[in-house]
Amino acid sequence: MKYPSILIIDDEPDICRLLQLTLVRHGYTVKYVHELGEGMQAIFKHQPDLLFLDIHLPDGSGLEALPVIKEKCPTLPVITISAYDNAMEKQTALKAGAAFFLAKPFSVKHVDELIDTIKS
């Protein structure tokens with residue numbers, strides 16, 4: 001049986017590991033990368049069922065990549081992640097096609113609630 005797959009694109013290893021541990025408990029297979037370029041290749045190669053996308057990456061902007069991702073993978077749910085919890089960034093992400101905006105630091109409980117919302 002193939003479990004739904006999740007890709008995480010975030011440059012913070014601790015965030016990636018926290019998300020991975022949380023999401024595996026929900027039955028997902030999880031892969032993560034730390035750079036946007038590598039992440040974009042992984043999206044198109046592996047076609048995940050859900051994407052966590054950091055907005056501020058060392059090699060590019062997740063916000064700028066989001067329209068490209070949504071154009072090529074229109075049904076892929078994207079949860080944007082940012083250390084900056086401001087209304088303008090959140091609104092920009094949602095307008096660009098993000099399903100949800102997750103502000104850092106976040107709790108495991110918040111991620112669990114997001115996953116429950118996505119599953120239903």
Show me the donor-acceptor pairs within less than 3.5 Å that the side chains of residues 32-42 make with the rest of the protein, sequence neighbours left out.
from	atom 1	to	atom 2	distance (Å)
His34	ND1	Asp10	O	2.9

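Thr80 has its side chain out of reach of Leu102: every pair of non-hydrogen atoms, C-beta onward, lies at least 4.5 Å apart. Using a 4.5 Å cut-off on side-chain heavy atoms (C-beta onward), Ile115 and Thr117 make no contact. Residues Ile81 and Phe101 have side chains not in contact (no heavy-atom distance under 4.5 Å, counting atoms from C-beta outward). When side chains are defined from C-beta on, Asp49 does not count as touching Tyr28, because their heavy atoms never get closer than 4.5 Å. Inter-residue side-chain proximity for Phe106 and Leu114 is flagged as unmet; no heavy-atom pair is nearer than 4.5 Å. A heavy-atom distance below 4.5 Å is not found between the side chains of Ile79 and Leu51. When side chains are defined from C-beta on, Ile6 does not count as touching Thr29, because their heavy atoms never get closer than 4.5 Å. Annotation: side chain of Cys73 is in contact with side chain of Phe44 (closest heavy-atom distance under 4.5 Å).
Following chains of ILVMFWY side-chain contacts shorter than 4.5 Å, one cannot reach Leu63 starting from Val68, and the two form parts of different hydrophobic clusters. Tyr84 and Ile9 sit in two unconnected hydrophobic clusters of ILVMFWY residues. Membership requires side-chain heavy atoms under 4.5 Å apart, directly or through other members. There is no path of hydrophobic side-chain contacts, each under 4.5 Å, that joins Leu21 to Leu50. One hydrophobic cluster, built from ILVMFWY side chains closer than 4.5 Å, holds both Leu18 and Val30. Grouping the Ile, Leu, Val, Met, Phe, Trp and Tyr side chains by contacts below 4.5 angstrom, directly or via other members, places Ile43 with Val78.
The nearest pair of heavy atoms linking Asp11 to Pro58 is CB-CD, 3.6 Å.
Atom CD of Glu64 sits in a sparse spot, with 12 or fewer heavy atoms from other residues, nucleotides or ligands closer than 6.0 Å. Within a 6.0 Å radius of NZ in Lys104, more than 12 heavy atoms belonging to other residues, nucleotides or ligands are found.
With hydrogens and angles ignored, the 3.5 Å screen pairs a side-chain donor or acceptor of Lys70 with a backbone N or O of Leu76. Looking only at distances, no side-chain donor or acceptor of Asp54 sits under 3.5 Å from a matching main-chain atom of Leu57.
How far CD of Glu113 is from NE2 of His110: 6.5 Å, rounded to the nearest 0.5 Å. How far NE2 of His56 is from OG of Ser82: 4.0 Å, rounded to the nearest 0.5 Å. Annotation: the span from Lys90 atom NZ to Phe100 atom CZ amounts to 10.5 Å, rounded to 0.5 Å. Atoms CG and CZ, from Asp14 and Arg17 in turn, are 5.0 Å apart once rounded to the nearest 0.5 Å. Atom OG1 of Thr22 sits about 14.0 Å away from atom NZ of Lys109, to the nearest 0.5 Å. Of the inter-residue distances, the one linking Ser5 atom OG with Gln47 atom CD reads 9.0 Å to the nearest 0.5 angstrom.
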Audit row: Glu89, Thr92, side chain to side chain contact (heavy atoms under 4.5 Å, CB included) steps and yes/no: CA-CA 5 Å; Glu89 197 166 70; Thr92 302; 5.7 Å; no
Criterion side chain to side chain contact (heavy atoms under 4.5 Å, CB included) on Ile8 and Leu23, from CA distance to verdict: CA-CA 11 Å; Ile8 302 164; Leu23 297 167; 4.2 Å; yes
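Applying the side chain to side chain donor-acceptor pair (under 3.5 Å) criterion to Asp112, with sequence neighbours excluded, gives Arg25, His26.
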